[in-house]
*Asks:* 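Questions regarding the structure given below will be posed in turn.
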Amino acid sequence: MKLILKDLGFGYKGQVLSDFINLEVSDGDYIVILGENGSGKSSLIRTILGLNKKISGDISLQGISKDEIAYLPQILSIAADFPTSVMELVLSGFKIKKRFFYTKEEKARALECLDNFGIANLKDRRFSSLSGGQRQRVLLARSFVEEKKLLILDEPLAGLDPEAQGSLYEMLEKINASGTAIIMVSHDSERATQYANKVLKLDGSRAIYEEGGRAHGLN
């Protein structure tokens with residue numbers, strides 16, 4: 001699997017935020033994107049996902065389709081009072097067409113994902129009743145009911161207490177160790193980079209590339 005950005009230029013509402021972004025993401029990579037507010041971190045991943053139109057350059061996928069990319073937006077952008085149960089929300093991760101029900105196999109897979117993320121006991125709870133850390137696990141489970149090769153997360157730690165952050169880091173490390181590549185936008189420049197093998201810092205119109213802590217055996 002490869003995601004390749006070549007001389008990518010991106011922006012927001014006609015304003016160029018950065019250009020000449022070059023990055024290659026392969027199986028097992030753990031990449032952290034850092035930068036100040038307004039530097040374009042979220043705009044970059046939205047451009048990668050095709051949600052924003054690129055300004056210049058190329059984005060290519062090799063050995064992976066768009067359906068094999070999971071995206072977890074900022075939890076603050078998801079309504080806390082979303083009127084559904086945990087199980088219903090996880091099941092909605094299936095891309096079903098021309099039918100209005102879920103099969104036994106899909107329900108079993110949803111339960112398996114809930115169990116993998118340690119939240120099977122929450123399946124009948126209302127999403128709105130959960131803590132921030134529990135919601136993130138539910139949304140991750142939803143992302144993985146179908147086979148995924150790449151996970152893209154936008155500030156997944158925002159609003160979580162230190163214990164929930166530690167739990168989420170452990171979960172992401174386990175996902176990455178299974179072979180799933182990760183691209184994560186973060187403000188946590190110290191801890192997040194310990195788990196990464198590559199770091200991309202957006203600084204104005206510049207892109208600065210560094211090795212993460214994993215590349216130096218720090219994690």
*Asks:* Are the side chains of Tyr30 and Met184 in touch, meaning some heavy atoms are under 4.5 Å apart?
*Replies:*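 Yes. Closest side-chain heavy atoms under 4.5 Å.
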
*Asks:* If every non-hydrogen atom of Ala207 is compared with every non-hydrogen atom of Leu200, which pair is closest and at what distance?
*Replies:*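 Looks like CB-CD1, 3.8 Å.
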
*Asks:* Quick one: are Gln134 and Leu122 in side-chain contact, heavy atoms under 4.5 Å?
*Replies:*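 A side-chain contact under 4.5 Å exists here.
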
*Asks:* Is there a path of hydrophobic side-chain contacts, each under 4.5 Å between heavy atoms, that joins Leu157 and Ile119?
*Replies:*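 Looking at the clustering, Ile119 is in the same group as Leu157.
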
*Asks:* Would you find more than 12 non-hydrogen atoms of other residues, nucleotides or ligands less than 6.0 Å from Lys104 atom NZ?
*Replies:*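 For Lys104, atom NZ is not crowded (no more than 12 foreign heavy atoms under 6.0 Å).
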
*Asks:* How far apart are the closest heavy atoms of Leu61 and Leu3, and which atoms are they?
*Replies:*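 Looking at all heavy atoms of both residues, the closest pair is CD2-CD1, 3.5 Å.
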
*Asks:* Taking only residues at least two apart or on different chains, which pairs with a member in residues 14-23 satisfy side chain to side chain donor-acceptor pair (under 3.5 Å)?
*Replies:*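 Every pair satisfying side chain to side chain donor-acceptor pair (under 3.5 Å) with a residue in residues 14-23: Asp7-Asn22.
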
*Asks:* Mind checking whether Val138 and Tyr71 sit in one hydrophobic cluster, side chains of I, L, V, M, F, W, Y counted as touching below 4.5 Å?
*Replies:*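 Unlinked, Val138 and Tyr71 end up in two clusters.
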
*Asks:* Indicate if Ile69 and Phe10 have the same hydrophobic cluster label, given that clusters are the connected sets of ILVMFWY residues with side-chain heavy-atom separations under 4.5 angstrom.
*Replies:*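 Cluster IDs for Ile69 and Phe10 match.
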
*Asks:* Can you tell if the side chain of Ile33 reaches within under 4.5 Å of the side chain of Ile183, non-hydrogen atoms only?
*Replies:*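 They are in side-chain contact.
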
*Asks:* Just verifying a value: how many Å separate Ile175 CD1 and Leu140 CG, rounded to the nearest 0.5 Å?
*Replies:*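 CG of Leu140 is found 5.0 Å from CD1 of Ile175.
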
*Asks:* Under a 4.5 Å side-chain heavy-atom rule over Ile, Leu, Val, Met, Phe, Trp and Tyr, are Leu8 and Val32 clustered together?
*Replies:*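 As far as the 4.5 Å side-chain criterion goes, Val32 and Leu8 are not connected within one cluster.
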
*Asks:* Can you see which heavy atom on Pro156 is nearest to which on Leu168, and at what distance?
*Replies:*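 Closest pair (atom of Pro156, atom of Leu168, distance): O-CD2, 3.5 Å.
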
*Asks:* What is the minimum heavy-atom distance between Ser26 and Ala181, and which atoms define it?
*Replies:*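 In this case the closest contact between Ser26 and Ala181 is O-CB, 3.5 Å.
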
*Asks:* How many angstroms lie between CD in Glu146 and CD1 in Ile96, if you round to the nearest 0.5 Å?
*Replies:*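 The CD atom of Glu146 sits 10.0 Å away from the CD1 atom of Ile96.
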
*Asks:* I'd like to know if Lys198 pairs up with Glu211 as an ion pair, taking the criterion as any Lys NZ or Arg NE/NH1/NH2 lying under 4.0 Å from an Asp or Glu carboxylate oxygen.
*Replies:*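 Here Lys198 does not pair with Glu211 in a salt bridge, since their nearest N and O are not under 4.0 Å apart.
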
*Asks:* Atom CE in Met171, atom CG in Asn176: separation rounded to 0.5 Å?
*Replies:*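 Met171 atom CE to Asn176 atom CG measures 13.5 Å (nearest 0.5 Å).
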
*Asks:* Looking at every non-hydrogen atom in both residues, tell me the closest pair between Asp67 and Lys95 and how far apart they are.
*Replies:*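 Residues Asp67 and Lys95, closest heavy atoms: OD1-CE, 3.9 Å.
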
*Asks:* Starting from the C-alpha separation in whole Å, work towards a yes-or-no answer on side-chain contact (heavy atoms from CB on, under 4.5 Å) for Ile64 and Leu150.
*Replies:* CA-CA 9 Å; Ile64 181 175; Leu150 172 62; 3.9 Å; yes

*Asks:* Is the shortest side-chain heavy-atom distance between Leu151 and Phe144 below 4.5 Å?
*Replies:*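 A side-chain contact under 4.5 Å exists here.
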
*Asks:* Using the side chain to side chain donor-acceptor pair (under 3.5 Å) rule, take Ser85 and Arg126 through it: C-alpha gap first, then chi angles, then the decisive distance, then the call.
*Replies:* CA-CA 4 Å; Ser85 72; Arg126 301 287 285 184; over 6 Å; no

*Asks:* Might you confirm whether atom CD of Gln62 has over 12 heavy atoms from other residues, nucleotides or ligands at distances under 6.0 Å?
*Replies:*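 Above 12, so yes.
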
*Asks:* Under 4.0 Å between a side-chain nitrogen and a carboxylate oxygen: does that hold for Glu68 and Lys149?
*Replies:*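 Between Lys149 and Glu68 there is a salt bridge, with a charged N closer than 4.0 Å to a carboxylate O.
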
*Asks:* Considering only heavy atoms from C-beta outward, does the side chain of Leu130 approach that of Arg125 to under 4.5 Å?
*Replies:*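 Touching, per the 4.5 Å side-chain cut-off.
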
*Asks:* Is Tyr209 atom OH crowded by more than 12 heavy atoms from other residues, nucleotides or ligands, each under 6.0 Å away?
*Replies:*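 Result for OH/Tyr209: enclosed.
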
*Asks:* Flag the pair Arg109 and Glu112 as a salt bridge only when some basic side-chain nitrogen lies within less than 4.0 angstrom of an acidic carboxylate oxygen.
*Replies:*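 Glu112 and Arg109: salt-bridged.
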
*Asks:* Taking the six-membered ring of Phe127 as reference, does the cationic atom of Arg135 (NZ for Lys, CZ for Arg) lie under 6.0 Å from its centre and within 45° of its axis?
*Replies:*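 Yes, Arg135 and Phe127 form such a contact.
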
*Asks:* Between Lys6 and Leu23, is any pair of side-chain heavy atoms under 4.5 Å apart?
*Replies:*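 No; the side chains remain at least 4.5 Å from each other.
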
*Asks:* Going from OG on Ser92 to CE on Met87, what distance comes out if it is rounded to the nearest 0.5 angstrom?
*Replies:*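 Interatomic distance, Ser92 OG to Met87 CE, rounded to 0.5 Å: 11.0 Å.
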
*Asks:* Nearest 0.5 Å please: distance from the OG1 atom of Thr193 over to the CG atom of Asn197.
*Replies:*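 Answer for the OG1-CG pair, Thr193 versus Asn197, is 11.5 Å.
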
*Asks:* Please report, to 0.1 Å, the donor-acceptor pairs under 3.5 Å made by any side chain of residues 48-60, with sequence neighbours excluded.
*Replies:*
residue	atom	partner	partner atom	Å
Asn52	OD1	Arg46	NE	3.3
Lys54	NZ	Gly57	O	2.9
Ser56	OG	Gly9	N	3.4

*Asks:* So do the side chains of Gln136 and Ser167 get within less than 4.5 Å of each other, counting heavy atoms only?
*Replies:*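 No, side chains not in contact.
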
*Asks:* Look at the aromatic rings of Tyr195 and Tyr169 and report parallel, tilted or perpendicular, splitting at 30° and 60°.
*Replies:*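 Ring orientation of Tyr195 relative to Tyr169: parallel.
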
*Asks:* Check step by step if side-chain contact (heavy atoms from CB on, under 4.5 Å) holds for Leu91 and Lys107.
*Replies:* CA-CA 7 Å; Leu91 282 168; Lys107 291 177 181 178; 4.3 Å; yes

*Asks:* Between Ile31 and Ile152, is there shared hydrophobic-cluster membership here, with clusters defined by ILVMFWY side-chain heavy atoms closer than 4.5 Å?
*Replies:*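 Yes; tracing contacts between hydrophobic side chains, which count when under 4.5 Å, links both residues.
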
*Asks:* Please name all residues satisfying side-chain hydrogen bond (donor to acceptor under 3.5 Å, both in side chains) with Glu36, sequence neighbours left out, ordered by chain then number.
*Replies:*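 With neighbours one apart ignored, the set is empty.
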
*Asks:* To the nearest 0.5 Å, how far apart are CD1 in Ile208 and CG in Leu34?
*Replies:*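 With rounding to 0.5 Å, CD1 (Ile208) is 10.0 Å from CG (Leu34).
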
*Asks:* Take Lys2 and Val25 through the test side-chain contact (heavy atoms from CB on, under 4.5 Å) and record every step on the way to the result.
*Replies:* CA-CA 5 Å; Lys2 286 188 183 297; Val25 184; over 6 Å; no

*Asks:* Does Asp203 come within less than 4.0 Å of Arg206, counting only side-chain N to carboxylate O?
*Replies:*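 Yes, Asp203 and Arg206 are salt-bridged.
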
*Asks:* Evaluate the side-chain proximity of Val185 to Leu153: yes if any heavy-atom separation is below 4.5 Å, no if none is.
*Replies:*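 Heavy-atom side-chain distance check fails, nothing below 4.5 Å.
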
*Asks:* Please report the C-alpha distance between Gln74 and Ser42 in whole Å, then the side-chain angles of each, then the deciding distance to 0.1 Å, and finally whether the side-chain contact (heavy atoms from CB on, under 4.5 Å) criterion is met.
*Replies:* CA-CA 9 Å; Gln74 291 187 38; Ser42 295; 3.6 Å; yes

